[in-house]
Amino acid sequence: MLPPLLDWYAAHARDLPWRQEDCSPWGVLVSEVMLQQTPVARVEPIWHEWLARWPEPGDLAAEPTGEALRAWGRLGYPRRALRLHACAVQLTEEHGGLVPADLGALRSLPGIGSYTAAAVAAFAFGIRATVVDTNVRRVQARAVTGEALPAPSLTVAETALAQRLLPVDPGTAARWSVAVMELGALVCTARSPACGRCPIQQSCAWRAGGYPAYDGPPRRGQAWHGTDRQCRGLIMAALREAPDAVDLSALTALWPDAEQCARALDGLVADGLAERVGQGRVQLPG
DNA sequence: GACTCGTGGAC
DNA sequence: TGTCCAAGAGT
């Protein structure tokens, strides 16, 4: 199944800016953090703005965190912007302003977990790293294990399988990983997989088994309406849109439950996403 | 391990 | 309309 998938990728891969030959490791790292839980279409324009404004880690490190938060826009999970900024600072102070070509060093950066470290190592430096994201998990579950969907959270067995499937040659391994991810994103999708145009349908265990339905533990949806998350989102949107500090009263007006709103704001301040200034006013951290 | 953490598009 | 989902990480 290796050659068909690599050939398919060569023919059908999307032309994404962070896949360009001249994209810097910093550009790859920024893209990977932005893409955590966020669709490509929403990331692309923001990625261009970030790379134009902060072409190197040192450029971002020189800014206050509030600028990163404002430029993050509505990508969601704004703590990622904070961690990206912290990344830039750490790269500047400890790595000469460069992204390290080392899995362990990458993993020690803020906001860089096992997936992102492997992805940057593989895609920016051609290192043979085991890249396991939600696409890889789903493709493996279907094509190899014969199940409709992977378990709710990553298992050791899945990582071991991905490692076993990974081609030996480092450059080929990196192309393989991005090809599996692309297949999961474009063909072997969660909702309605396009099995008819799948390059590895002949060797797919899920297909061979007659496409059995998912029978694992229930997948928990994330609550939203009325939660602290929704309230935090409203507050952050207000802070981003305001040119400077916002009155506390303007924030509590956004939410029916004043007590919950106050608690949400406390959380944002504790997380470094917001900052209290004098006279009951709040702003993005300066 | 179970939670928490944004946002918007697709169905 | 509500539910599911999207290149996860940190606690």
Side-chain angles (χ1 to χ4, degrees), chain A residues 9 13-14 16-19 23 27-47 69 72-84 86-87 106-124 129-140 148-156 158-159 162 174 176-186 188-193 214 217-240 263-264 267-268 270-274:
Chain A
Y9 181 73
R14 289 169 292 180
L16 301 174
W18 43 86
R19 289 180 180 165
C23 181
V28 173
L29 189 155
V30 170
S31 79
E32 291 299 340
V33 173
M34 287 183 172
L35 287 164
Q36 292 168 2
Q37 304 284 284
T38 307
V40 166
R42 211 172 308 162
V43 164
E44 240 189 292
I46 306 293
W47 183 88
L69 289 168
W72 193 252
R74 311 184 66 81
L75 283 185
Y77 291 147
R79 287 189 290 195
R80 291 183 293 164
L82 225 46
R83 291 176 182 146
L84 215 31
C87 249
L106 286 166
R107 183 65 183 77
S108 75
L109 295 169
I112 309 297
S114 56
Y115 161 75
T116 306
V120 173
F123 305 149
T130 307
V131 181
V132 189
D133 78 325
T134 187
N135 293 300
V136 173
R137 296 186 62 216
R138 187 173 54 255
V139 171
Q140 287 187 169
L149 292 172
S153 56
L154 178 64
T155 66
V156 178
E158 290 178 83
T159 303
W176 163 260
S177 293
V178 74
V180 176
M181 290 171 61
E182 193 76 338
L183 185 71
L186 299 182
C188 193
T189 60
R191 295 271 185 86
S192 50
Y214 176 72
R219 317 168 78 76
R220 284 256 175 280
Q222 301 172 334
W224 176 247
H225 291 288
T227 62
D228 284 7
R229 298 169 79 173
Q230 185 184 18
C231 186
R232 287 166 57 109
L234 285 173
I235 294 173
M236 288 303 292
L239 297 183
R240 278 196 310 268
R263 192 171 63 240
L268 291 173
D271 290 343
L273 289 166

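Side-chain atoms are counted along with the backbone in the values below, which use heavy atoms only and exclude waters and symmetry mates. Chain identifiers are assigned alphabetically (A, B, ...) following the order of the sequence lines, protein sequences preceding nucleic acid strands; residue numbering begins at 1 within each chain.
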Side-chain contact check for A:Ala190: nearest option of C:dA6, C:dA7, B:dT7 is C:dA6

Interatomic distance, A:Trp47 atom CH2 to A:Leu75 atom CG [nearest 0.5 angstrom]: 13.5 Å

Determine the contact category for A:Leu29: base if any of its heavy atoms lies under 4.0 Å from a base atom, sugar-phosphate if only primed atoms, P, OP1 or OP2 are that close, otherwise nothing. nothing

Nucleotide of B:dG6, B:dC5, B:dT7 approaching A:Arg74 most closely (side-chain heavy atoms): B:dT7

To the nearest angstrom, how far is A:Leu106 atom CG from C:dA9 atom P? 12 Å

Tell me whether the side-chain N or O atoms of A:Arg42 pair up with the base of B:dT7 as donor and acceptor below 3.5 Å, since no angle test is needed here. yes

Atom CZ of A:Arg220 to atom P of B:dG1: distance rounded to whole Å? 17 Å

Round to a whole Å and report the spacing from CH2 of A:Trp224 to C1' of B:dT7. 6 Å

Can you tell me how far P of B:dG6 sits from CG of A:Leu239, to the nearest Å? 12 Å

If you look at every strand shown and take non-hydrogen atoms under 4.0 Å, does A:Trp72 touch a base, only sugar-phosphate, or nothing? nothing

Whole Å only: how far is the CD atom of A:Glu44 from the P atom of C:dA6? 19 Å

May I ask you to verify if any side-chain N or O of A:Arg240 is less than 4.0 angstrom from the OP1 or OP2 atom of B:dT7? yes

Supply the atom-to-atom distance A:Gln36 CD to A:Ser31 OG, rounded to the nearest 0.5 angstrom. 10.0 Å

C1' atom, B:dC11 versus C:dA7: distance in rounded Å? 23 Å

Nearest-nucleotide 5' precedence on DNA chain C, A:Gly111 against A:Ser31: A:Ser31

Take atom CE of A:Met181 and atom P of C:dA6, then tell me their distance rounded to the nearest Å. 12 Å

Is it true that A:Arg19 and A:Glu182 have a side-chain N and a carboxylate O under 4.0 angstrom from each other? yes

Phosphate OP1/OP2 of B:dG6: any A:Arg232 side-chain N/O under 4.0 Å: yes

Comparing nearest nucleotides in DNA chain B, the 5'-proximal residue of the pair A:Pro78, A:Arg191 is A:Pro78

Integer angstrom distance from the C1' of C:dC4 to that of B:dG6: 15 Å

On the nucleotide C:dA7, are OP1 or OP2 found under 4.0 Å from the side-chain N or O atoms that A:Gln36 carries? no

Both A:Ser153 and A:Arg80 contact DNA chain B. Which one's nearest nucleotide lies toward the 5' end? A:Ser153

Take atom CE of A:Met34 and atom C1' of C:dG8, then tell me their distance rounded to the nearest Å. 15 Å

Could a donor-acceptor pair under 3.5 angstrom be found where the side chain of A:Thr38 meets the base of B:dG6? yes

Heavy-atom nearest pair, A:Tyr214 first then A:Pro152, reads OH-CD, 3.8 Å

Please indicate whether A:Arg219 has more than 12 foreign heavy atoms, meaning atoms of other residues, nucleotides or ligands, lying under 6.0 Å from its CZ. yes

Base, sugar-phosphate alone, or nothing: which one does A:Gln222 contact when heavy atoms must sit under 4.0 Å apart? base

Need one value for A:Ile112: base, sugar-phosphate or nothing, where a base atom within 4.0 Å counts as base even if backbone is also close, heavy atoms only. sugar-phosphate

Could you state the interatomic distance from OG1 (A:Thr227) to NE2 (A:His225), rounded to the nearest 0.5 Å? 9.0 Å

Between A:Arg138 and A:His225, the residue closer to the 5' end of DNA chain C by nearest nucleotide is A:His225

Heavy atoms only, 4.0 Å cut-off, all strands: where does A:Gly113 land among base, sugar-phosphate and nothing? sugar-phosphate

Can you name the nearest heavy-atom pair linking A:Ala151 to A:Arg137, along with the distance? O-NH2, 2.7 Å

Could you tell me whether A:Ala119 contacts a base, only the sugar-phosphate backbone, or nothing, with contacts defined as non-hydrogen atoms closer than 4.0 Å? nothing

What is the distance from OH of A:Tyr115 to C1' of C:dG8, rounded to the nearest Å? 9 Å

C1' atoms of B:dC5 and C:dC5, separation to the nearest Å: 16 Å

Once you apply a heavy-atom cut-off of 4.0 Å, does A:Thr189 come out as touching a base, just sugar-phosphate, or nothing? nothing

Contact under 4.0 Å: A:Thr116 side-chain N or O vs C:dA9 OP1/OP2: yes

